[in-house]
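Computation of the quantities below employed the complete heavy-atom set of this structure, encompassing side-chain atoms and omitting hydrogens, waters and symmetry-equivalent molecules.
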Amino acid sequence: MTLGCLLAILGLLSSGVMEIRTPAAAQGRALWALLLATLGTTASQPLGGDSVCTARPLAKYSITFTGKWSQTAFPKQYPLFRPPAQWSSLLGAAHSSDYSMWRENQYASNGLRDFAERGEAWALMKEIEAAGEKLQSVHEVFSAPAVPSGLGHTSSEFEVHARHSLVSFVVRIVPSPDWFVGVDSLDLCDGNRWREQVTVDLYPHDAGTDSGFTFSSPNFATIPQDTVTEITSSSPSHPANSFYYPRLKALPPIARVTLVRLRQSPRAFVPPAIEMGGRGNEIADSLSETPLDCEVSLWSSWGLCEGLCGKLGAKTRTRYVRVQPANHGAPCPELAEEAECVPDNCV
């Protein structure tokens, strides 16, 4: 029964109960109470037909973010300075299905844009706060410190509720135009119980607000704004893209998050060993090497034809290395080429 139908029936019952004092009216009041209980249950359910969580009201979790962005796994244009590869602070929320921090194939909010482009969290935090106050959809906001290198850990703790069993978070890739990793609405409730441990491999996403191709690209706003998309080894399909590895079926995970339900004092909690899982990729992980093939420029124009009069001369052209090979990638081809010619100005 829809909410509108319930309200209409309640209105009819209300007028009948107020005007009639009969046994039938008593039955009407009983039915009214039943409908009120049904209405309260309906209002507390998540939107969109999601399953209802009936687990114990509160659960506490630790969240451990692990950066796996190494020069071995991602050798192309790997940032070594100004700034070197690193991760921003983590910003997340425990919420219901009424709220969405970010979603693939949807437009990023102004708050997510500021966070993905510049690492500024203020606007995104205000958006989360507003959703919590207006829709009662956010139970808790949490954060974790930044990771000063591509490899490393950071962690935090947060609480979830049966009505707010979803968790979302974002971490900015630094440096980058508007790239980030994160989780969108991960449900920690499984029917009538809380999940004990969840591990998710993370892959880079483009917020759709800046058109830069490389880690160090200057600001270049995307107009009109695009939707949030996952960056893959072949998309964007452009050799200049920092994550463009056409030999790979899929990128290795650039990060990983592990969420563990806490059953003891937080002080005694020790983060679990991180499993080295994969995504069915032929390059297994940062334990393996991602091959980077040599890339060379186009050939230059032919030089002058030099030689003696009456005889064939020679001319040359050159090219240069744009990307040095790494991790057993394809070696560089010849950088100079010579061809016979008839001298223009013979000696």
(request) Go through Arg163 and Asp98 one step at a time and tell me if the salt bridge (charged side-chain N to carboxylate O under 4.0 Å, His left out) criterion holds. (result) CA-CA 10 Å; Arg163 176 72 174 87; Asp98 307 339; 3.0 Å; yes
(request) Of all the heavy-atom pairs spanning Met101 and Leu112, show the shortest one and how long it is. (result) O-CD2, 4.3 Å
(message) Set out, in order, the CA-CA distance, both residues' side-chain angles and the distance that settles side chain to side chain contact (heavy atoms under 4.5 Å, CB included) for Leu335 and Val321, then state yes or no.
(response) CA-CA 8 Å; Leu335 300 179; Val321 176; 3.9 Å; yes
(request) Give the ring-plane orientation class for Phe215 versus Trp69, where under 30° counts as parallel, over 60° as perpendicular and anything between as tilted. (result) tilted
(message) Between Ser168 and His95, is there a side-chain donor-acceptor contact under 3.5 Å, judged purely by atom types and distance?
(response) yes
(message) For Leu308 versus Pro343, what's the shortest heavy-atom pair and its separation?
(response) O-CG, 3.8 Å
(request) May I ask you to decide if Glu117's main-chain N or O and Arg172's side chain share a donor-acceptor pair within less than 3.5 Å? (result) yes
(request) Could you check Asp201, Leu202, Val181 and say which one makes a side chain to side chain contact (heavy atoms under 4.5 Å, CB included) with Pro253? (result) Asp201
(message) Looking only at the side chains, is there a donor atom on one of Asn192 and Thr54 sitting less than 3.5 Å from an acceptor on the other?
(response) no
(request) Examine distances only and state if a side-chain atom of Ser156 and a backbone atom of Ala144 form a donor-acceptor pair shorter than 3.5 Å. (result) no
(message) Any heavy-atom pair between the side chains of Tyr203 and Thr232 that's under 4.5 Å?
(response) no
(request) Might you point out which heavy atoms bring Cys189 and Gly191 nearest each other, and give the distance in Å? (result) SG-O, 3.3 Å
(message) Taking salt bridge (charged side-chain N to carboxylate O under 4.0 Å, His left out) as the definition, give me every residue that meets it alongside Lys134, ordered by chain and number, with sequence neighbours left out.
(response) none
(request) May I ask you to check whether over 12 heavy atoms, not counting those of Leu304, lie within 6.0 Å of atom CG? (result) no
(request) Treat each ILVMFWY residue as a node, draw an edge where side-chain heavy atoms are under 4.5 Å apart, and state whether Phe142 and Val198 are in one component. (result) yes
(request) Verify whether one side chain among Thr214 and Ser217 offers a donor that lies under 3.5 Å from an acceptor in the other. (result) yes
(request) Check whether Leu90 and Val228 end up in the same hydrophobic cluster, where Ile, Leu, Val, Met, Phe, Trp and Tyr are linked by side-chain heavy atoms less than 4.5 Å apart. (result) no
(request) Answer yes or no: is there an ion pair linking Glu159 with Lys60, defined by an N-O contact shorter than 4.0 Å? (result) no
(request) Determine whether Val183 and Leu188 fall in the same hydrophobic cluster, where Ile, Leu, Val, Met, Phe, Trp and Tyr are linked whenever their side-chain heavy atoms lie under 4.5 Å apart. (result) yes
(request) Measure across Ala93 and Val138 and return the closest heavy-atom pair with its distance rounded to 0.1 Å. (result) CB-CG1, 4.3 Å
(message) Could you check whether any side-chain heavy atom of Val160 comes within less than 4.5 Å of a side-chain heavy atom of His139, counting everything from C-beta outward?
(response) no
(message) Rounded at 0.5 Å granularity, tell me how far CZ in Phe243 sits from CD1 in Ile173.
(response) 4.5 Å
(request) Could you check if a side-chain atom of Val171 sits within less than 4.5 angstrom of a side-chain atom of Val257, using non-hydrogen atoms only? (result) no
(message) I'd like to know if the side chain of Ser137 reaches the main chain of Ala131, judged simply by a donor and an acceptor atom lying under 3.5 Å from each other, with no hydrogens or angles considered.
(response) yes
(request) Look at the side-chain heavy atoms of Ile, Leu, Val, Met, Phe, Trp and Tyr, link any pair under 4.5 Å apart, and say whether Leu124 and Val167 land in one connected group. (result) no
(request) Determine the minimum heavy-atom distance between Pro325 and Pro331, stating which atoms define it. (result) CG-CA, 4.4 Å
(message) Nearest 0.5 angstrom please: Ser165 OG to Arg195 CZ, how far?
(response) 10.0 Å
(request) State plainly whether the residues Asp184 and Arg103 are in salt-bridge range, i.e. N to O under 4.0 Å. (result) yes
(request) Would you kindly say whether Ser216 and Arg82 are connected by a side-chain donor-acceptor distance under 3.5 Å? (result) no
(message) With a 6.0 Å cut-off (strictly less than), is the heavy-atom count around CG of Leu80, excluding the residue itself, greater than 12?
(response) yes
(message) Measuring only between side-chain heavy atoms, which start at C-beta, is Trp87 closer than 4.5 Å to Ile254?
(response) yes
(message) Would you compute the distance between atom CH2 of Trp194 and atom SG of Cys53 and round it to the nearest 0.5 angstrom?
(response) 4.0 Å
(message) With a 6.0 Å cut-off on the ring centroids, do Phe115 and Trp102 count as close?
(response) no
(message) For Ala94, is there any backbone N or O sitting under 3.5 Å from a side-chain donor or acceptor partner on His161?
(response) no
(message) I'd like to know if the side chain of Tyr245 reaches the main chain of Lys76, judged simply by a donor and an acceptor atom lying under 3.5 Å from each other, with no hydrogens or angles considered.
(response) yes
(message) Please check: side-chain N/O of Asp178 versus main-chain N/O of Arg113, any donor-acceptor pairing under 3.5 Å?
(response) no
(message) More than 12 heavy atoms of other residues, nucleotides or ligands under 6.0 Å from CD of Glu340: yes or no?
(response) no
(request) Please indicate whether Arg118 has more than 12 foreign heavy atoms, meaning atoms of other residues, nucleotides or ligands, lying under 6.0 Å from its CZ. (result) yes
(message) Do Phe65 and Phe180 land in one hydrophobic cluster if side-chain heavy atoms of ILVMFWY residues count as linked below 4.5 Å?
(response) no
(message) Measuring from atom CG of Asp210 to atom CD of Gln225, what distance do you get when rounded to the nearest 0.5 angstrom?
(response) 11.0 Å
(request) Report yes if some heavy atom in the side chain of Trp302 is under 4.5 Å from a heavy atom in the side chain of Cys341; otherwise report no. (result) no
